[in-house]
Structures are given as structure tokens and as C-alpha cells.
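Note that the coordinates shown come from a computational prediction; the quantities given were computed from them, not determined experimentally.
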Amino acid sequence: MPSISEADRHIIAEIEAATLRLQQAQAAIGKVIFGQDIVVEQALIAILGGGHALLVGAPGLAKTKLATTLGRVLGLAEKRVQFTPDLMPADILGSEVLEESDRGRREFRFLPGPVFCQLMMADEINRASPRTQSALLQAMQEHHVTVAGLRHDLPRPFHVLATQNPIEQEGTYPLPEAQLDRFLLQIDVPYPSLDAERRMLFATTGAAEDEAGEVLSAAEVMNAQRLTRLIPVGEQVAEAILRLVRAARPGPEADAFINANVAWGPSPRASQALMLGARARALLQGRLSPSLDDVMALLGPVFRHRMALNFTARADGHSIGGVIERLARLIG
């Protein structure tokens with residue numbers, strides 16, 4: 001049996017310490033966000049993977065509160081922007097203003113917009129115009145903005161939690177597929193269970209409402225992101241990821257059902273998201289290597305917004321969820 005080097009022991013100790021701290025943060029969030037343990041876990045996975053998350057759920061399911069609580073617990077500077085049809089790119093990115101000094105000299109000064117934070121809540125992102133959506137999504141991808149020809153770097157870490165309401169679609173601008181692909185995960189927020197809703201009812205309608213305190217710092221979050229990428233992935237898990245992603249794309253490697261019903265499949269970003277997500281889930285749960293269970297748990301959040309059915313499939317009553325379940329049987 002090969003011996004463990006001193007460097008490996010140090011990394012293992014770092015991972016174990018980070019897991020303990022992350023579980024404390026997860027527990028603190030769970031005391032405020034009732035009955036959404038999987039949602040909280042997936043939001044943390046998106047942040048540990050260094051990515052962004054799209055929260056999809058009906059109104060009143062604590063999506064905004066989740067973002068606020070995450071920022072507070074993780075020690076991240078958090079800002080919220082309510083997206084509306086009249087919101088302009090400058091309202092998010094910032095703008096330059098002409099100022100005159102005491103000596104009468106005029107010069108431009110950059111006023112940073114709300115995107116200059118560490119955790120941004122983009123509420124109802126599909127209500128903004130495509131131009132404004134593109135401005136934010138470019139910042140998400142490149143981690144900097146360009147205003148008047150000058151580059152301005154965003155803080156580190158930088159994450160976006162965007163929300164969409166799946167019920168009310170009037171007056172919305174659905175995100176194009178290429179922009180949806182920028183989100184590491186799509187997190188579907190369900191209604192809470194009866195027990196969770198009962199606990200929430202008493203906890204939020206009394207004289208005082210509990211609020212989570214700071215558990216981690218931004219530096220600790222960035223260190224956990226570094227450790228996430230150091231977690232080794234076994235060949236079996238890597239092969240399963242590649243097999244699933246490639247089988248979901250119409251073409252010679254897909255079966256007849258996929259070719260007949262799927263208009264377009266997941267890009268290579270899906271492979272990256274599954275790999276990072278599996279590593280992050282293993283870190284959260286205190287394991288030194290991800291398993292096939294981690295891949296299966298994240299298949300839906302990674303694939304939902306990266307696939308589309310053709311007209312025939314929709315007319316026949318097929319759904320993306322059903323297609324993902326079919327794909328899961330490849331390794332199940």
C-alpha cells in the first residue's frame with residue numbers, strides 16, 4: 001500500500017477542516033431557510049464550484065432570502081437588483097460622470113454599479129431586456145466590465161444568484177440558450193413539506209425572527225474553492241460524466257430516442273459543471289473523492305437548462321425531466 005506524503009496529509013487536513021466549516025455554514029443557513037436542504041446544498045455547490053446559479057421557483061419560496069442569508073453566512077458583500085424592463089446596462093455595471101475639480105479641471109470618474117459585489121442577487125432576471133441581460137452575463141463570464149473603453153475588474157469571489165418565476169411569463173424576455181449555459185446549476189425550488197412549513201409559520205410570525213450570523217469569511221470561501229479543485233476524481237466517475245454528456249447530444253453517440261426528441265444537448269460546460277459539482281458535493285459531505293451518487297444528484301441541475309426538446313417531443317408530452325431520468329439509467 002503506497003504511503004501518503006506529507007504534502008497529501010496537509011491537503012487532507014485542510015479538506016477536513018474546510019468540510020467542518022462548510023457544514024457549520026450549511027447548518028446556519030438551514031435554521032433560516034426551512035425545508036430546502038437540497039436547495040441550500042446546491043447553492044453552496046455552485047459557489048464552491050466558482051460558478052453562478054439560476055433559482056427557479058414560484059413566488060414566496062424564500063429565493064431572495066436564500067441569497068441574502070448566503071451572503072451573510074459566507075461573509076460575502078451582497079447586493080440585490082430587481083430586474084425590470086426599463087433597467088439599463090449602466091444601472092448594473094456603473095457609468096462615468098463628468099466632474100469638475102476645485103481648480104476647474106474637468107474629468108470623468110467611474111461610479112461602480114451594484115455588480116461590484118461578491119454575491120449579487122439578480123431578481124427576476126428574465127424581466128430585463130436582452131441588452132441588460134447580456135451586460136450582466138458578460139460580467140459573469142469574464143469577471144470584469146468595460147465602460148467607456150476602460151476595464152474594471154470585479155471583486156473576488158464573484159457569484160450571481162439569479163431568480164426566475166416559472167408561473168408568470170407575461171412581459172418577460174426568456175434567457176437565450178447560450179446565456180443559460182453560463183449558469184453552473186439551475187436549482188429548482190419546490191414547495192416545502194408540511195412539517196417544514198409548520199416550523200416556518202411559527203418561526204416567522206412571532207415577535208422576533210431568527211437571522212443567521214456570519215460563519216465564514218470571503219477568504220475562507222476562496223480557500224474552499226481552491227480545495228474543491230484539488231479533490232481527485234476517479235476514472236469511473238470521469239467516464240460516467242463524459243458518457244452522460246455525450247449521450248445527451250443528438251448525433252452518432254446518442255440513441256434513437258435522443259435523436260428523435262432532443263433539439264440540442266449540453267455543451268462541454270456541462271461536463272465541467274458535473275465535474276466541479278461532484279467535487280464540491282464530496283467536500284460538503286466530508287469525502288475525499290466524488291462518487292457516481294454525486295454525479296446522479298447533480299444531473300438534473302446541470303442538464304435542465306442545457307437541453308431543449310423539439311416540437312414533436314413537446315407535442316408527444318415528453319419533458320426534459322423525463323429525458324434526464326432516461327439518461328440517468330445509463331449509469332444507474
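Residues Val245 and Ser267 approach most closely at CG1-O, 4.1 Å, considering heavy atoms. Shown here for Val233 and Pro290, the closest heavy-atom pair between the two residues is CG2-CG, 3.9 Å. Residue Pro266 comes nearest to Arg249 through the heavy atom pair O-NE, 2.7 Å, listed as atom of the first residue, atom of the second, then distance. Scanning both residues, Pro232 and Ser289, for their nearest heavy atoms gives O-OG, 3.1 Å. Considering every non-hydrogen atom in both Ile125 and Gln133, the closest pair reads O-NE2, 3.3 Å.
Taking the centre of each ring, Phe257 and His318 come in below the 6.0 Å mark. Between Phe34 and Phe202, a ring centre-to-centre spacing not shorter than 6.0 Å is recorded.
Side-chain atoms of Leu54 and Leu180, non-hydrogen and from C-beta on, do get closer than 4.5 Å to each other. Looking only at side-chain heavy atoms (C-beta outward), Met121 and Lys79 stay at 4.5 Å or farther from each other. Within the 4.5 Å cutoff, no side-chain heavy atoms of Val262 are placed close to those of Asn310. A 4.5 Å side-chain heavy-atom check between Leu327 and Met307 finds at least one atom pair inside the cut-off. Leu61 places a side-chain heavy atom less than 4.5 Å from the side chain of Pro192. Between Leu44 and Leu70, some side-chain heavy-atom pair lies under the 4.5 Å cut-off. Using a 4.5 Å cut-off on side-chain heavy atoms (C-beta onward), Val39 and Ile33 make no contact. Looking at Phe83 and Thr163, their side chains never come closer than 4.5 Å, going by heavy atoms from C-beta outward.
Atom CG of Leu309 and atom CD1 of Ile320 lie 4.0 Å apart (nearest 0.5 Å).
Met296 and Leu242 fall into different hydrophobic clusters, where Ile, Leu, Val, Met, Phe, Trp and Tyr are joined by side-chain heavy atoms under 4.5 Å apart, directly or via other members. No single ILVMFWY cluster, assembled from side-chain heavy atoms under 4.5 Å apart, contains both Trp264 and Ile324. Follow the hydrophobic side-chain contacts under 4.5 Å out from Ile47 and you never reach Leu136; the two are in separate clusters. The same ILVMFWY cluster, assembled from side-chain heavy atoms under 4.5 Å apart, contains both Leu298 and Val323. Linking ILVMFWY side-chain heavy atoms closer than 4.5 Å, directly or via other members, places Leu55 and Met200 in two distinct hydrophobic clusters.
Salt bridge Glu220/Arg21: present, at least one basic N to carboxylate O contact under 4.0 Å. Between Asp294 and Arg287 a salt bridge is recorded (basic side-chain N to carboxylate O distance below 4.0 Å). Classification of Glu41 and Arg281 as a salt-bridged pair holds, one side-chain N sitting under 4.0 Å from a carboxylate O.
Side-chain atoms of Glu78 do not come within 3.5 Å of backbone N or O of Leu119 as any donor-acceptor pair.
Asp188 and Gln186 share a side-chain donor-acceptor pair at under 3.5 Å. Arg80 and Gln82 share a donor-acceptor pair across their side chains, judged by distance under 3.5 Å alone.
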Is there a side-chain hydrogen bond (donor to acceptor under 3.5 Å, both in side chains) between Asn261 and Thr312? Walk through the geometry before answering. CA-CA 7 Å; Asn261 294 285; Thr312 303; over 6 Å; no
Give every donor-acceptor pair under 3.5 Å between a side-chain atom in residues 145-154 and any protein atom, sequence neighbours left out.
{"residue": "Arg151", "atom": "NE", "partner": "Asp153", "partner atom": "OD1", "Å": "2.7"}
{"residue": "Arg151", "atom": "NH2", "partner": "Asp153", "partner atom": "OD1", "Å": "3.0"}

For residues 84-92, run the donor-acceptor check on the side chains, cut-off 3.5 Å, and write out each pair with its distance to 0.1 Å, sequence neighbours left out.
{"residue": "Thr84", "atom": "OG1", "partner": "Asp86", "partner atom": "OD1", "Å": "2.6"}
{"residue": "Asp91", "atom": "OD2", "partner": "Met88", "partner atom": "N", "Å": "2.9"}

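In Ile38, the CD1 atom is not crowded: 12 or fewer heavy atoms of neighbouring residues, nucleotides or ligands sit closer than 6.0 Å.
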